[in-house]
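Just so it is clear: chains get the letters A, B, ... in the order the sequence lines come, proteins before strands, and each one is counted from 1.
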Amino acid sequence: MLVKDCMTRHPIMIAPETLANEAQQIMTTNRVRHLPVVGDGKRLKGLVTAKSFALKSDSISSLNVWEISRRLANLRVKDVMVKKIDILTASANMTVERAAVMLNEARQSALVVLENPDIVVGILTEVDIMNALQLMLGLPTEGIRVTIRMPNRKGEFQKINDFLNDKDWCVMGIGTYPSPRVEGDFYDMVLKLPDTTIEEVREGLGKIEDHQIIDIRDVV
Amino acid sequence: MNMDKKFEQPVLKLEDVAITYKVRNGEIDAVQNVSFEIFKGESHGIVGESGCGKSTVAWAIVNFLGANGYVKSGSIKFQGQELVNKSDEELRRLRGDQIAMVYQDPMQALNPSLRLGDQMKEVLTVHRGMSESEAEDRCVDMLSRVYMPDPENVIKRFPHQISGGQQQRVVIAMALLNNPALLIMDEPTTALDVTVEAAVLDLIAELRRDFDTAIMYISHNLGVVARVCTQVGVMYAGEMVERAPVRDLYADPKHPYTQGLLRCVPKLGGDKASSQLYPIRGRVPPPNNRPSGCVYGPRCDYARQRCLDERPEVRQMPDGTSVRCHFAEEIDPAAWIPPEDIKLTPATEDVTKNEPILIIKDLKKYYDVAGSSLKDILGLGEKRKVKAVENASFEVPRGSTLGIVGESGCGKSTLVKTIIGLENATAGQAEFNVEDVTFDVTSSLSGRDKKLIQELQMVFQNPDSTMNPSYTVGQQIGRPMERFGTVPPDQIRSEVVRLLEAMRLGENYFDRLPRQLSGGEKQRVGIARALASRPELVLCDEPVSALDVSVQAAILNLLIEIQREFGTTLLFIAHDLSVVRFFSDFVAVMYLGQVMEFGPAEEIYQLPYHPYTEALLSAVPIPDPSVTQKRIRLEGNVPSAISPPSGCRFHTRCPRRKLMPDGGKKCETELPPWREFNNGHRIFCHLPKETLESFDPVISKAAEPAAD
Amino acid sequence: MAATQASSPVQSRGAKLLSSIQSYIALIFTSRIATIGLAIVLFWVVVGLISLVWTPVDPNASDFRPNQPMSAENWLGTDRLGRDNLSRVMAGTQVILLKTRVPALPLSGYFTGLAGLIGIVLIIRAIPMLEEPNQRLKGWGNLIVGIALIPVVIFLNGLLGLQAIVLPNFVLPLGVALWGVIGSLSLGTVLGLLAGYKGGWYDQIIMQILDALIAFPRIVLYLVVITALGQGDLIMIFAIAVTGAPGVARLARSQALDIKTRDYIRAAETRGESIWFIMFREIWPNAIGPLLVDSMLRVGYAIFTIGTLGFLGRGLPPPEPDWGNMINVARPSFGTVPVSVLAPAVAIGSLVVGLNLFVDGLNEEITRYQK
Amino acid sequence: MVRFLFQSVISVVVTVFLVSILLFFMLDPSDGEILVKILGIESTPAQRESLARQLGLEIPVLQRYADWMIGNDFRARRLIGQDITQLNNPSSGDLEWWIDQGEGRYVQYQLGEGGELSVLVRNEDGTYTAEPAGDVWWEEDGKEVFWGIDDEGRAAKWIKGEGAIAYVSTQTGWQEIPGAPVQYIPLVKGVLRGDGGVSLRTNRPISNTIPTRAANTFILAGAAFIFVMPLALLFGIIAGINEGKLIDRTISIFGLIGTSTPEFVTGLILIFIFAIQLRWLPALAIDTAGGGLTVRLLTLPVLTLTAVELGYVIRMTRASMVDVMKAPYIRTAIIKGMPFRRVVFRHAVRNALMAPITIIMLHINYFIGGIVVVEILFGYPGLGDYIYKSAIFGDVYGLGASAIVTVLVAISTRLIGDLVYTFINPRIRYS
C-alpha cells in the first residue's frame, strides 16, 4: 500500500490570509486536526494544527485582556502556522510503512503529500494510517476473524493456502506479526474470512499441524 | 476508499440556499431552500426540466450569477469554507484550482482565437506558476489521460479544428489539470451524439474514481444521470423535491413529481407494451408565479387541501431519502392509476399489412461542395459531392409510422426534406399513392402538383421557430385551409377551433400570439397546422427533441392519438432510440447517408442487430440503473460525407468487422448485401446471417443488483 | 356569426397594436437617454409646426440691416441680407421634417413614372417565375408586359395630350429627410429580402451592385447627382434613397438570412407558397423591427447629409430657409457675426444628436428587454 | 483565400465600371453648359462650338467614355500613321504629346497664316523650332487631308483649303485662328492606364494634379487616423468592460455626440472657440507664409475629423467588447480563475477587435465625405477640395479620375480590413 492509496485526497486547505479564528472554526466543524496552508495553485505555505492556536505565553504576558482579544481577532493563519520548512512532507509514491516510520521518528501526527515540487495533493495523518490498518485486516466487511499462531519457518503459510484453496474460500484481509509475549520463534497471522462460520473455520484451520488458533470471532 | 461517510465532511454543502435575480420590477426567486452535500469521490446528479434552477445552483457555487443575481440566504460551504460573500480574489484562487466547471456547449466555452494548448496551459501557469514547457508536458499528459488521440498535435490547434466530442474532452482535461476537489458539470453531453455521449460518460465515471473528485452533474436526461451518478437530487420549480441514492430513486421514487417524470420517459429496458407514456398534466409555474403551498401541488395527482395551503418541508425518510412532500409515506407508485383521458385506446387494426402509401426506390441526394481553389471558382475543377443520402429504399404502409434514427449528419433530415420537396433528389424514384393517383415525389416543390403538396405536410423540431411570431394561432392554422381550399372560407374558424380542440387546446387559443404559448403548446399548434390541409402523410422532424420530458410524453401521445383518429401515415425522425421504439411500427437506421437496417420496430431492438444498431443501443442512456447494457464503443469520428469510406460505409468504425472470415477485407472494398430476416427485417452487412444472430442481446435487466 | 368571426381578429389586432405602442412608449421612458433624445427631437418638431403658422418675422423678409449681432429685436441677429436668423432657424425645420416641395411637372411625368414603377415590379416578379416550370408562361407574360409598359405609356401620354397638362407646385407632408429614408427603406428592403431569401445568383448580383454603391464615396454621389440634375427636394430625396438603400438592403438581407432558417418558413414552403408571400407575409413582419430602428438612425444621417450639402452650397433650394445653406451664406462673415453661423449649426447638431440619442437609448432598452 | 481575392478583384472591376459609367453619363458635358462655364456668358455660339470641337465634345459619348477609360492614342496613331509619344515639358512639368519620327526627332504641326503646314521640331529644352512641313498631305474622299498633332498636343485633322476657324483665348483676348483643324482628338492614355486627360476646369493634366492633392489629403487623413485609432480602441475597451457604469455612459454619450454632429458643425464650433475667440490657431489650413504644412495649420482640421471618427470607432469597439465579455469563453476564463486583467487582454480584446476592424474599414466612405467637408471648411488644398470643385464645375474628367481614386482607396481599405480580419481570426485562417 502506497501513500497515495491511503492518504486523504483533496484535504481542506486554507489561505495564509484567512483569520486564525476562521481556521479554528473550520477545523472544529469539519473535525479535522490539520489544515495545509496553501497559496494560489495549492502550493504549500504551511500547516495549521490544533497546537497552532495555543497561545505562546511570552507573546501575551505583557498585554491586558482587551488587547489579547483584539490581537486574537486579527490573528491570521500565516501568523500561527507551522512554517513550510518544519513540515513533514512525503511523495505520493512512498510506502505507507515508510510514512509511518517518518511520523513516528518526527513525533508528528501528519504528513503533507506533495507533487512536483510543492503542490499539495493530499495529507496523511495517523488516522489515515489507522484506516489503512483496518483495511488491510478487512475491517468493513463482515466475516470470521481468526488469529493463528504458527512457527516461523518455510512452508507454514503454504499449508493455510492449500487449505483455503481446497475449501474455495476467499480472504478479505491478512496480517502477520511476530508473536508477542511468547517463547520461541512464532508468528501470529490474522485472517479475515467471509461467507463462513466459526465452526467451519475451527474445524478446518484448527486441524492444521503445528498451527494453533489463539483467537476467533465473528466480527464486522 | 470504503470509508464511512459519518467520519467524513462533505466537499460541498449547500444549506437552505435561495437565489434571487433582480429584474425590472422587483425580484425573482429562482431557487429556494436547496440543501444537499457532495462527498469526495461521489457524483451527485441534479435532474429537472428546463427552468427549474439547476444551472443557477451551479453558477451560485462559483459565485457567477451575473450582475443582477445573488444568493439571498443560506450558505454554500466548500470544504467547510463559506463561499457566499467571499472576496473576488479568494474566489478567483478557488476557481480553476479547487473548483472546476464543464459546460454544455464546448465550442462556445473555448476561446475561438487561442490555441487549445495556450488555453489549457494558462490554468497551470497562472495558478501554479509553472513554466511554459512544464505546463505543456502536463497538458499533453492530461489530454492522453482523457483518451485524446495525438495530444501533442491537438494543443497546437484551434477549437474549430477538432470535433465536438474532442472539444468536450479538452474542456474536461482542462478542468482536471489542477486536480480540483469539486468538478461541476452542467449538461456536458447534451450537445453530443449518443455514441460520443456514451464515451464521454465512460470517461467521467473513470476520472471520478481515479481523481477522487466530487462531481456535481447537472442534466435533464434521466438516463444519463442513472449512468454516471451515485446520488441524485430532483429539482422542480426552484426547489429540490427529492434526493436519494441513484438506485433507490429509480426503483422507488418517493415524490409524486419524480414518479411522474419517470412515467414520462420511454424506456428501452422493458418491453414495448410497458413503455406507455403518461405525461404530467399542467405546466411548470414561472418563477414569479409559484404556488404558495407545495410547488408541485397544482399538478400532483395526490394533492390534498394541505398541499395547496402549506409548503412542505424536506423530510428524511427511513431509507435515507429526503423528500419534500407531506404524504410521501402514503403514496405508493405501484398503485397509481393512469387518468382516463391519458389512457390510449389500443390499436384496433394491424396497419403494418396495409398497402404502401409511400414507396422510395434508390433515392440519392448529393450536394455540390464549393471548392476554394481558383480552378473551383471558375468551375473548371472536378465537382466534389457530399453524398447525403445514398440509395435509400423502403415502403411505408398506409396508416403506419416509420421511424428514422441515426446520429447527426447521417442524412435522415435530408431524406425527409427530399421527400417533402424542400430539396431535389439527385436520383431515384419516390412514389406517393393516394386515391388511385400516383405522384412522383422526386420533383422539386415548384414542380409539384398542388394536390401532392397538400397531401404531404411536416411538423418541425424547434417549437420556438415553428410558428411565425407575427401571426395568431388561428391565422397560422387557417392559412393552409385557405391556400388549399379544403374548407370553405366561412367555416375556417370553426374548423380551426375543432383542430385546436383535437390538440387539447381550447378556442381561447385562437387569437393568441406564439410568444404567449409554452413550447409544448407551440408544438401542438405546429401539428394542428400540419393537419389543417388534411394530409395523408405527415413528416415529423424530431418534433419532441427540444421539449422537456413531461411535455414530450404529451406530444407523443397526441401524435399517436391523431394517427388513430385520422389514419394519417407518419414519418418520424429522431435521434432517440427509445422514443422511436415506443412510437414506430417500422424503423430505419441510418449511418452516413446509408440505411443500415430496416424492419418492424420490435425486430430492430431484438437480435439480430446490425453492428451499428448494436453500438447505438449500447450507447443509449437508460433511465433505470438496474438495466445493464453491453459496452460497445465506436472508435474515431464519423468520416466525412464528401469522401465516405469505400465498401461498407461503417467499416472504419465497425467493432464486429473482425468476425468476418477474411478479417474484414471485403468490408473495405465491396458494398454489403441486404440480409433478409423475419417480417421484412433487413440488415445491410457482410456478416453472415448466422453470425448476426449469434450476438448477445445488448440490453438485459439485471437479476439482482451487482455488488458495489 | 360571420360578422363576429370577421370582427374579432380585427379587434384583437387593434388591441395588439395599441398594447405594443404602449409598451414601446414605456420602453422609451425607461431609458433616460432616449427620453432626452426624444425631447430634443420633439422640440424641433414643435418649433417647425409653430413656424408654419407663426415666426417672429417673415423668414424671407429683409429689414435692410444686414449682419446684425444678437439684439432684443433680432434675438439671433440678422444674416447677410438682413433677414431675421431666429425666424429662419425656426423655419429651417420645415423642409427637413415637415414638408416636401414638389415642383410643377406635367401630368404625363407622373403617369410615366407610375408606369415605370409597375413595369419594374412586373419584371422583378417575372424573374422567379421563369425558374418554376409551371409558372414559366406567366413569367414571360409579366416580363413582356413590364418591358412594354414604359414606351406604351409614353406614347399614350403624348397621344392623350397629357404633356400639356401641368400640375402646379404642391407640397407633400413630411420632410425631405423622412421621404428619403422611406425611399431607401422600401428600395433596400425589397432588394435585401430578395437577395437574402433567394440567395444564389440573386444574392451575388444584387449584393455586388450594392457593394459597388457602398464603395462609391457618397459625397461624390450626392454632388454628382445634384450637379447633374439640379437642386430640388425630389432630387435630394432620390439621392438620399439611393445612397441609403445599400445599407438597408444589407440589414434586410441579414435579417432574411436569419429568418429564412426558421421552421415557419419551411412550413410555408411545404405549403407551396409563392416567394412573394414568403418574403412579404412571412419574413417581412419579423424583419421590420430592426429595420425601423435603423431607419430612425438614417433620418439622422439624412439630416446630417442635407446640412452638409447645404453647407457645400448644394442643399435644398430657396426660398424656404435651409440650415446648411444659411451657414454657407453666412460663413464669409463668421469672424464678425458668428451667431449667423453658429445658430443653424447648433440647430442641425442638436437635432441629429437628439435623434441618435433617442435611437441609441431605445435600442439599448430593446436589447435588454430581449434578454 | 483564393476565392476571397477573386471576389475582391471582381468587386473592384464592377465598382470602377459602375462608378465611371454613372459619372460619365450623369455629367455628360456635351450639352454645352460646361462651355458657358469655361468661356463665360459673353461668348458667342461660334466660339463655344469651336471650343467644343477642341475639347472633343462632339465625339459620341460612348466613344468618349471608351477613350477616357482606355485611351485613344492607339486610335490617333492609326490615323496619323506615325508613332506618337508623351514627353515631359521641362518648363511646365506637364506631359505633352509629340509625333516620334525616330532619331530623337519629335514634331508637332501647325497651320500657318497662308494655309501652309509647318512642322514644329522639338528642342531639348521643350521649345520648338518651326520648319516648313513640305507636302505631307494625302488624298481622302477627293480632298487633301492630314492627321497630325497640333501645338496643343491634340491629334488634329487638317483639310487643305478648308480650315475651320478656331477661337483661342490668349492674354490679349480672343483670337480667331483660321485654317484650324476641322477635327480634334484630345489625346489621352485613359484612366485605366493612369492618365485622366486634361481637366476642363483647370486645363491642366489631371494626372499631374491628383498626386499632390492626394498627398495632402493623405497627410490630413493619416494624422487623424494615427490620432483616432489608439485612443478610440482604448476608450472602447474601457467602456466595454465597464458596461452600464458611469465611465461607460460618459464615454458612450460623448462618442455619440461626436459622431452624430456633422463635421462642419464641429469644425465651425472649433474655429469659433480656437480661432475667433481664443485666437490660438488659424481658421484656415492654407499655407500662406510658404512654410509648408505645420502642426499649427493642421490642428483644427485634424481635431474636427477626429471628433467624428473617434466617436464612431469607440462605439463599434465598445459594442463588440460588450458582446465578447458576455461570451461563454470569457465565462470559462473567469471560472478558470484567471485574473481579470488577463481575461480582458488575453481572452477578450483580440476577439473584440475582429468585428470593428471590418466595420471601421467600411466606414472609410463617410470618412471621405468628412474630408471633403473639412478641406472646404479650412480651405485645405487636398483631394476633397478638388472633388468638390470639379463636381460643382461639372468637370467630368477631373471628378471621374479623383472619384476612381477614392473608390480604389475605399475598396483597398476594405480589402485590408478583410485581410486583417482573416489574419486575426483563426477560424478563417485555418479552414
Counting only heavy atoms closer than 4.5 Å, note whether R9(A) contacts chain B via side chain, backbone, both or neither.
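For R9(A), heavy atoms of backbone and side chain both lie under 4.5 Å from chain B.
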Relative to chain B, which segment of M27(A) carries a heavy atom at a distance below 4.5 Å: side chain, backbone, both, or neither?
neither
By ring pair (Phe, Tyr, Trp, His ring centres under 6.0 Å) - contacts of H127(B) (at least two apart):
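With neighbours one apart ignored, the set is empty.
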May I ask you to check whether H44(B) and Y217(B) place their ring centers less than 6.0 Å from one another?
no
Comparing E17(A), E22(A), M13(A) against chain B, the one with the most heavy-atom pairs below 4.5 Å turns out to be M13(A)
Quick one: are R95(B) and F64(B) in side-chain contact, heavy atoms under 4.5 Å?
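Contact flag for R95(B)/F64(B) side chains = yes.
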Could you give the side-chain donor-acceptor pairs of residues 177-186 of chain B under 3.5 Å, partners two or more places apart or in another chain?
unit_1, atom_1, unit_2, atom_2, d
N178(B), OD1, R128(B), NE, 3.0
N178(B), ND2, G96(B), O, 3.2
D186(B), OD1, S55(B), OG, 3.3
D186(B), OD2, S55(B), OG, 3.0

Based on non-hydrogen pairs under 4.5 Å, which of G129(B), P10(B), G41(B) is most in contact with chain A?
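The residue among G129(B), P10(B), G41(B) with the greatest pair count is G129(B).
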